[in-house]
Amino acid sequence: QVQLVESGGGLVQAGGSLRLSCAAFGSIFSINAMGWYRQAPGKQRELVADITSGGSTNYADSVKGRFTISRDNAKNTVYLQMNSLKPEDTAVYYCNADLSIITNPWANRDYWGPGTQVTVSS
């Protein structure tokens, strides 16, 4: 009933930039927080940044000052602008949304996108 579609990953040199997008489709009633997580090989998935429906943001210390999260509530879309990329930013990036659906508007749950690969070469 709900699908998160990510785009914007790829290969970039250190110091470069990428912009990730994630749009939520389906029978959505409301979306609370949306965010980006990442998982590097052999490591646990970690929060990169998230943003509430009101625009409050939260960032991992490792990306503060380099990454910016934003969202377009009318389009059910969240963005992650990544600047000054480092090789250690290499990971699969996953979009997350805490939302409720039309058929059960009082029950929120997490939905995940399939992930998009970001590779930063040194």
Side-chain angles (χ1 to χ4, degrees):
Q1 287 181 309
V2 174
Q3 187 178 15
L4 300 185
V5 179
E6 300 145 338
S7 61
L11 173 64
V12 65
Q13 288 188 332
S17 298
L18 285 174
R19 188 188 192 218
L20 305 183
S21 300
C22 170
F25 297 96
S27 304
I28 298 167
F29 179 75
S30 69
I31 303 178
N32 292 333
M34 300 186 78
W36 291 94
Y37 289 70
R38 67 186 181 187
Q39 187 167 19
K43 295 188 177 181
Q44 289 189 328
R45 190 174 298 189
E46 63 176 0
L47 173 69
V48 176
D50 60 19
I51 183 169
T52 68
S53 57
S56 295
T57 58
N58 177 49
Y59 294 92
D61 287 342
S62 59
V63 307
K64 284 181 181 177
R66 300 188 297 121
F67 291 9
T68 302
I69 190 169
S70 61
R71 65 188 280 177
D72 184 332
N73 290 332
K75 296 181 179 180
N76 291 338
T77 299
V78 63
Y79 307 95
L80 185 68
Q81 178 65 44
M82 304 185 293
N83 299 329
S84 302
L85 282 160
K86 303 176 181 180
E88 51 263 44
D89 294 318
T90 295
V92 177
Y93 284 69
Y94 297 92
C95 175
N96 170 270
D98 172 30
L99 60 84
S100 61
I101 59 176
I102 292 172
T103 54
N104 194 2
W106 303 278
N108 281 67
R109 55 155 284 195
D110 280 333
Y111 288 82
W112 293 89
T116 185
Q117 177 70 46
V118 171
T119 302
V120 184
S121 63
S122 58

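No hydrogens, no waters, no symmetry mates; every other heavy atom, side chains included, goes into these values.
Residues Ile101 and Phe29 have side chains not in contact (no heavy-atom distance under 4.5 Å, counting atoms from C-beta outward). Considering only heavy atoms from C-beta on, Asp89 comes within 4.5 Å of Arg38 through its side chain. Using a 4.5 Å heavy-atom cutoff, the side chains of Met82 and Trp36 are not in contact. Here the side chains of Asp72 and Tyr79 are in contact, with some heavy-atom distance below 4.5 Å. Counting only heavy atoms from C-beta outward, the side chains of Asn58 and Leu47 approach each other to under 4.5 Å. By the 4.5 Å heavy-atom criterion applied to side chains, Gln117 and Thr90 are counted as neighbours. In this structure, Ile31 and Arg71 have side chains that are in contact, with non-hydrogen atoms separated by less than 4.5 Å. Between Gln1 and Tyr111 the shortest side-chain heavy-atom distance does not fall below 4.5 Å.
If you chain together hydrophobic residues whose side chains sit under 4.5 Å apart, Met34 and Val118 fall into the same group. Under the 4.5 Å side-chain heavy-atom criterion for Ile, Leu, Val, Met, Phe, Trp and Tyr, Leu18 and Val92 are members of distinct hydrophobic clusters. Under the 4.5 Å side-chain contact rule for hydrophobic residues, Tyr94 and Val2 do not share a cluster. No chain of hydrophobic side-chain contacts below 4.5 Å, direct or via other Ile, Leu, Val, Met, Phe, Trp or Tyr residues, connects Tyr37 to Tyr59.
The heavy-atom pair separating Ala49 from Leu80 by the smallest distance is CB-CD1, 4.4 Å. Listed here is the closest heavy atom pair of Ser100 and Ala107: CB-O, 3.6 Å. Residues Trp112 and Asp110 share a closest heavy-atom pair of NE1-CB, 4.1 Å. Scanning both residues, Val48 and Val63, for their nearest heavy atoms gives O-CG2, 3.6 Å. Counting all heavy atoms, side chain and backbone alike, Pro114 lies closest to Leu4 at CD-O, 3.5 Å.
To the nearest 0.5 Å, atom OG of residue Ser27 and atom CG of residue Asn104 are 12.0 Å apart. Atoms CD and CD1, from Gln81 and Ile69 in turn, are 12.0 Å apart once rounded to the nearest 0.5 Å. Atom OG of residue Ser121 and atom CD of residue Gln13 lie 5.0 Å apart, to the nearest 0.5 angstrom. Rounding to the nearest 0.5 Å places OG1 of Thr116 at 6.0 Å from CG of Leu20. Separation of atoms NZ (Lys86) and OG (Ser122) is listed at 14.0 Å; rounding is to 0.5 Å.
Between Tyr93 and Phe67, the two ring planes are tilted [angle within 30° to 60°].
Defined by atom type and a distance below 3.5 Å, a donor-acceptor pair is present between the side-chain atoms of Ser17 and Asn83.
The side chain to side chain contact (heavy atoms under 4.5 Å, CB included) test with Asp98 is passed by exactly one of Asn108, Thr52, Asp50: Asn108.
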